[in-house]
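Data block below; observations after.
Throughout, residue positions are numbered sequentially from 1 according to the sequence presented.
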Amino acid sequence: MLQSLLSLNGFQVVSSNMGNFLRGTVLTLEITALSVAFGMILGLIAALLKMSRYKLVALPGIVYIDFFRGTPLFVQILLFYFGVLPLVFDANSFQAAVIVCSLNSGAYIAEIVRAGIQAVERGQMEAARSLGMTNAQAMWHVILPQAYKIVIPPMVNEFIALLKDTSLVAVIGAEELTHQGRILYSVTYEAAWIWGTVALIYLLLTRLLSMLGDYLERRLATE
């Protein structure tokens with residue numbers, strides 16, 4: 001193991017293939033960013049559906065959240081890429097990765113949003129209704145802005161988890177960071193250097209996200 005770490009050849013392999021690592025990192029960030037954006041939309045819709053007093057309205061939200069929270073992301077990727085998406089359109093690996101990661105993230109975000117909404121004092125809704133707002137107006141203008149501040153820390157944790165989980169889409173050939181590492185390892189067998197570099201890049205990305213989350217939390221605390 002020590003000999004592998006000290007291998008000059010391993011260092012040369014990593015340094016000469018930094019372009020591949022960079023391309024994989026960019027694709028990882030693209031998948032994460034798009035999945036977060038779509039996941040937030042899906043999560044908000046699912047949370048509002050699940051909180052409905054009408055069972056038929058709440059049922060789709062409940063089924064969606066339970067399925068994607070109750071099954072492994074790896075299985076979801078295989079199910080959608082090989083089973084569901086071919087019935088709809090011919091999705092490439094990048095499109096499939098974004099769709100599945102968005103659906104998975106949306107289910108977790110839905111529970112975060114729901115918890116944030118329920119953490120807002122009930123009197124806030126009653127006060128808004130007394131001012132003549134409809135339930136929808138009160139939710140949009142009064143409840144959600146307050147819930148937004150509450151959900152920032154768990155939302156950042158979900159984004160970090162999603163960033164790391166994108167490594168699973170390598171199984172369908174999406175050329176993100178882990179896939180680039182796997183290709184390079186299959187040619188060079190420099191495991192310690194290649195996977196150590198991949199791990200370090202993931203660590204740097206997650207630390208940057210954590211720092212961004214801390215900044216947003218401090219910023220909102222002063223408002």
Heavy-atom check, side chain of Leu34 versus side chain of Phe94, under 4.5 Å = yes
Evaluate whether atom OH of Tyr54 has more than 12 neighbouring non-hydrogen atoms of other residues, nucleotides or ligands under 6.0 angstrom away.
-> no
Could you tell me the separation between the CG atom of Leu44 and the CD1 atom of Ile109, rounded to the nearest 0.5 Å?
-> 10.0 Å
Without swapping roles, check the side chain of Gln76 against the backbone of Thr71 for a donor-acceptor pair under 3.5 Å.
-> yes
Any sub-3.5 Å donor-acceptor pair from Thr178's side-chain atoms to Ala170's backbone N or O?
-> no
Under 3.5 Å donor-acceptor, Asn17 side chain and Val13 backbone = yes
Shared hydrophobic cluster, Leu85 / Val75 (ILVMFWY, side-chain heavy atoms < 4.5 Å) | no
In Å and rounded to the nearest 0.5 Å, what is the CG to CD1 distance from Leu49 to Ile65?
-> 8.5 Å
Does some side-chain heavy atom of Tyr108 sit less than 4.5 Å from a side-chain heavy atom of Met155?
-> no
Expected output: side-chain Thr206 to main-chain Leu203 donor-acceptor under 3.5 Å | yes
Between Ile160 and Val156, is any pair of side-chain heavy atoms under 4.5 Å apart?
-> yes
Could you give the distance from CD1 (Ile99) to CG (Asn104), rounded to the nearest 0.5 Å?
-> 13.5 Å
Where do Glu175 and Gln180 come nearest, in terms of heavy atoms and distance?
-> O-NE2, 3.5 Å
Heavy-atom nearest pair, Ala110 first then Ala47, reads O-CB, 3.4 Å
With rounding to the nearest 0.5 Å, note down the distance linking CE in Met211 to CG in Leu209.
-> 11.0 Å
Between Val36 and Glu158, is any pair of side-chain heavy atoms under 4.5 Å apart?
-> no
Student check: side-chain heavy atoms of Leu103 and Phe67 closer than 4.5 Å = no
Identify the two heavy atoms, one from Gly181 and one from Trp195, that lie closest to each other, and give their separation to 0.1 Å.
-> C-CH2, 3.6 Å
Note, Val171 side chain near Leu78 side chain (heavy atom, < 4.5 Å) = yes
Distance, nearest 0.5 Å, that separates CG of Leu184 from CG of Asn20 = 7.0 Å
Measure across Tyr81 and Ala91 and return the closest heavy-atom pair with its distance rounded to 0.1 Å.
-> CE1-O, 3.9 Å
Might you point out which heavy atoms bring Ser35 and Ser102 nearest each other, and give the distance in Å?
-> CA-OG, 3.2 Å
Under 3.5 Å, side chain of Thr32 to main-chain N/O of Thr28, donor-acceptor pair present?
-> yes
Of all the heavy-atom pairs spanning Ile152 and Gly213, show the shortest one and how long it is.
-> CG2-O, 4.3 Å
Would you call Leu212 and Phe159 a side-chain contact if the rule is heavy atoms closer than 4.5 Å?
-> no
Verify same cluster id: Leu42, Leu162 (apolar side-chain graph, 4.5 Å) = no
Rounded to the nearest 0.5 Å, the CG atom of Leu205 sits from the CG atom of Leu163 at a distance of 5.5 Å
ILVMFWY network linking Ile172 to Leu79, side-chain heavy atoms under 4.5 angstrom | yes
Decide yes or no for Val98 and Gln95: does some side-chain heavy atom of the first lie under 4.5 Å from some side-chain heavy atom of the second?
-> no
Flag yes if Phe21 and Ile183 sit in one hydrophobic cluster, no otherwise; membership is Ile, Leu, Val, Met, Phe, Trp, Tyr, and two members link when side-chain heavy atoms are under 4.5 Å apart.
-> no
CZ (Phe38) with more than 12 external heavy atoms under 6.0 Å | no
Consider only side-chain heavy atoms of I, L, V, M, F, W and Y, link residues closer than 4.5 Å, and tell whether Val26 and Met18 are in one cluster.
-> no
Return yes if some donor-acceptor pair links the side-chain N/O of Gln12 with the main-chain N/O of Ser15 below 3.5 Å, else return no.
-> no
Could you tell me whether a side-chain N or O of Tyr64 sits under 3.5 Å from a main-chain N or O of Ala107, the two making a donor and an acceptor?
-> yes
